[in-house]
Q: 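The structure is given below, and queries will be raised subsequently.
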Amino acid sequence: MLQNDLLLRAARGEEVERVPVWLMRQAGRILPEYRAVRAKAKNFIEFVKNAELAAEVTVQPVDILGVDAAIIFSDILVIPEAMGLSYQMIEAKGPWFERTIATQQDTDKLVVTDGSNLQYVYDAIRLAKKQLNNRVPLIGFCGAPWTLFAYMVEGSGSKTFSKAKKLLYTNPKLAHQVLEKITQSSINYLLAQVEAGANLIQIFDSWAGVLSPEMHTEFSLKYMAMISDALSKKVPVTIFAKDAHFALAEIKNNSCSVVGLDWSVNPNEARKILGANKTLQGNADPCLLYADYAEIEKQTKQMLNAFGKHRYIANLGHGLYPDTEKEKVKFFVDCIKKHSYAKTADKIHA
Ligand code: CP3
């Protein structure tokens, strides 16, 4: 059905004629076209809830950057909101929650959503699918329960998330109750995303790296495994646990098909740890795109060589920074396309 299903074939471990590429935060402020649509909405949250506008910016990077997949324009924080914790997105600061989770009473008040109050996301997915017209797959997503918990307890972003971690150490029982509610809500939400047309699901564990390996196993991976088990029967699942290279050995046993890597991970090491049955995704440093064109091309070739053509999806190791030049982003995408057409061998002449 899809004209370009490179992403899905790579995710499933099938043959590809070239490496697929998409970029985290591809629908975002690097595109003047995004900023123009964004200006039509009163604020970020209204923007996310406007299915027409969300669909429009979802499709933009496919047209403008030539990426091999779209990712639905939304935010991981729609789940806390659907569970009863509303948030604001404060310009140049980030998310802010008026109410946070600290006590049993707060936890009891949290709603497990059946997904029905997130209809605007499914509407945006349906509209985006229509506009994509089977050109490329559409990626759905959610935040990892631990990463959402971190925002819901902390109430905002943080360098250390020490308040959220304090709850893990002082009241693990309560933490598990919260994490279970988030997990159940996320499964309901993602199943509805797939029903609406999402072809692959990515779980963003952006704050995995603040946990110790043991804590990450207990408070994060356990819940990502539940989500992955529920979804991977239907579509391929990607787990992206940022800064958690220590978790790769355990992620190997997870039902996901794809493992996202940040730039701190060596591709050969990751392949050794994860074995042949996972697709690797990543992992250029978003700051590489501040370099000149020759340097971008050189390092992109090195990345392609290190990962090889099979079971690989090219991407950055985290989201694009808003002050990246659009032309450099496009050049990065083009480099991947140009250099990964090598027919048989995995190696590209660097
Ligand atoms: O293109 C895409 O990747 C799809 C859209 C997307 C957004 N957020 C839009 C967005 C996705 C996949 C996310 C996920 C997300 N949101 C994560 C996980 C990925 C990661 O970056 O680690 C996290 C932690 C959030 C929470 C969040 N949303 C923060 C901390 C911020 C503020 C920081 C910032 O970049 O301004 C946001 C806002 C946000 N979400 C923006 C976008 C495009 C920028 C706001 C704007 O355009 O005004």
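Fair warning: this is a prediction, and the values are worked out from it, not measured in the lab. Order of listing sets the numbers, starting from 1, for every ligand and every atom in it.
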Q: How far is atom 35 (O) of ligand 1 from the closest protein heavy atom, and which atom is that?
A: Arg29 NH2, 2.6 Å
Q: Has Lys328 got its NZ or CZ under 6.0 Å from the middle of the six-membered ring of Tyr290, at an angle within 45 degrees of the ring axis?
A: no
Q: side-chain contact (heavy atoms from CB on, under 4.5 Å) between Gln60 and Val37: does it pass, once the steps are laid out?
A: CA-CA 10 Å; Gln60 280 178 348; Val37 180; 3.5 Å; yes
Q: Among protein heavy atoms, which sits nearest to atom 46 (C) of ligand 1, and what does the distance come to when rounded to 0.1 Å?
A: Arg38 NE, 3.4 Å
Q: Does the N or O separation between Thr147 and ligand 1 drop below 3.5 Å for any pair?
A: no
Q: Closest non-hydrogen protein atom to atom 43 (C) of ligand 1, residue and atom name please, with distance?
A: Tyr34 OH, 3.3 Å
Q: How close does the nearest protein non-hydrogen atom get to atom 39 (C) of ligand 1, and which residue and atom is it?
A: Phe44 CZ, 3.5 Å
Q: I want to know whether Phe47 and Phe73 have ring centres closer than 6.0 Å.
A: yes
Q: For the aromatic rings, using the six-membered ring if either is Trp, is the centroid distance between Phe149 and Tyr223 under 6.0 Å?
A: no
Q: Quick test: of every protein heavy atom, which one is nearest to atom 14 (C) of ligand 1, and how far off is it to 0.1 Å?
A: Ile76 CG2, 3.7 Å
Q: Do any nitrogen or oxygen atoms of Gln26 come within less than 3.5 Å of a nitrogen or oxygen of ligand 1?
A: yes
Q: Write out the residue and atom name of the closest protein heavy atom to atom 38 (C) of ligand 1, then the distance separating them to 0.1 Å.
A: Met89 CE, 3.4 Å
Q: Counting heavy atoms only, name the option from Gly94, Ala208, Pro95 that's nearest to atom 30 (C) of ligand 1.
A: Pro95
Q: Can you tell which of Asp68, Asp5, Asp63 makes a salt bridge (Lys or Arg N to Asp or Glu O under 4.0 Å) with Arg135?
A: Asp63
Q: Looking only at protein heavy atoms, which one is nearest to atom 16 (N) of ligand 1, and how far off is it?
A: Asp75 OD1, 3.1 Å
Q: Looking only at protein heavy atoms, identify the closest one to atom 6 (C) of ligand 1 and say how far it is in Å.
A: Ser74 O, 3.4 Å
Q: For Ala27, counting its heavy atoms only, list the atoms of ligand 1 lying under 4.0 Å from any of them.
A: 1 (O), 43 (C)
